[in-house]
Every structure is written in C-alpha cells, then in structure tokens.
Amino acid sequence: MERVRAHVETQAKFFRGLADSARLRLLVELQHGARTAGELARACGLSPSNASNHLPCLLECGLVEVDAQGRRNVYRLVDPGVAEL
C-alpha cells in the first residue's frame, strides 16, 4: 500500500508541472536547448520573477535539470522524451 501511495505522489508531482500554461511554455522553449531563466522569461513573454517562480516547480517535478555556470543557472529538459508530452 505504501508503494502505491508513493507512486501516486510521484505522479501528482509530475502532472502538477504540466498543469500551468506558463510552465508548459517554459518546457516548449527548452525543447530548443538549454537556457537561463532570463532567456526563458523573454522567450515565453514572462517576467523574470514569474519564470523564476515556475522553474523550481519544474525541477521538483523532475521535468528539468539545472547546471550552475558561474552566477547563472542554465536549465534543460531532464530527458528529450519530456518534449513529446
């Protein structure tokens, strides 16, 4: 029973990442390659703070990864299969 509960919780996190149009736009932009939060914000028509608020959700949901490059964080899809969703 505990395994089923954990699986359902994982699924809920995953679908939470897809449940917002701004997060979906961020994912669509990441299909074109890794980008910083600022680049993603401009490409999606979001304010930098709005994009920065959505990116942790996508990280927690397991849809994106982040690499620290100096003072900048660069985001990318965790797997190309995410783009097929």
Side-chain angles (χ1 to χ4, degrees):
M1 186 65 159
E2 194 62 34
R3 189 169 21 137
V4 171
R5 182 177 299 157
H7 182 68
V8 168
E9 289 298 319
T10 300
Q11 287 179 327
K13 281 185 181 180
F14 174 78
F15 287 112
R16 179 176 170 244
L18 301 175
D20 183 272
S21 62
R23 288 192 291 269
L24 286 175
R25 288 196 311 266
L26 291 166
L27 291 171
V28 167
E29 282 304 317
L30 286 170
Q31 290 180 51
H32 306 293
R35 307 240 181 116
T36 66
E39 291 168 338
L40 286 166
R42 282 188 296 281
C44 294
L46 300 171
S47 70
S49 63
N50 194 354
S52 292
N53 287 333
H54 286 293
L55 288 165
C57 177
L58 294 174
L59 284 164
E60 182 182 335
C61 297
L63 297 169
V64 301
E65 297 175 320
V66 64
D67 288 321
Q69 295 182 358
R71 293 179 41 214
R72 301 181 333 159
N73 288 328
V74 178
Y75 297 87
R76 70 175 179 281
L77 295 178
V78 73
D79 183 287
V82 171
E84 295 178 19
L85 295 172

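Within the 4.5 Å cutoff, no side-chain heavy atoms of Val66 are placed close to those of Leu55.
Linking ILVMFWY side-chain heavy atoms closer than 4.5 Å, directly or via other members, places Val74 and Leu58 in two distinct hydrophobic clusters. Hydrophobic clustering (side-chain heavy atoms under 4.5 Å, transitive across Ile, Leu, Val, Met, Phe, Trp, Tyr) groups Leu77 together with Leu46.
Nearest heavy-atom pair across Tyr75 and Leu30 is O-CD2, 3.3 Å. Here the closest non-hydrogen pair linking Gly62 and Val78 is O-CG1, 3.0 Å. Considering every non-hydrogen atom in both Ala37 and Ser52, the closest pair reads CB-OG, 4.0 Å. Residue Glu29 comes nearest to Leu40 through the heavy atom pair CB-CD2, 3.8 Å, listed as atom of the first residue, atom of the second, then distance.
To the nearest 0.5 Å, atoms CG (Leu24) and NE2 (His54) are separated by 10.5 Å. A distance of 6.0 Å separates OG1 of Thr36 from CZ of Arg42, quoted to the nearest 0.5 Å.
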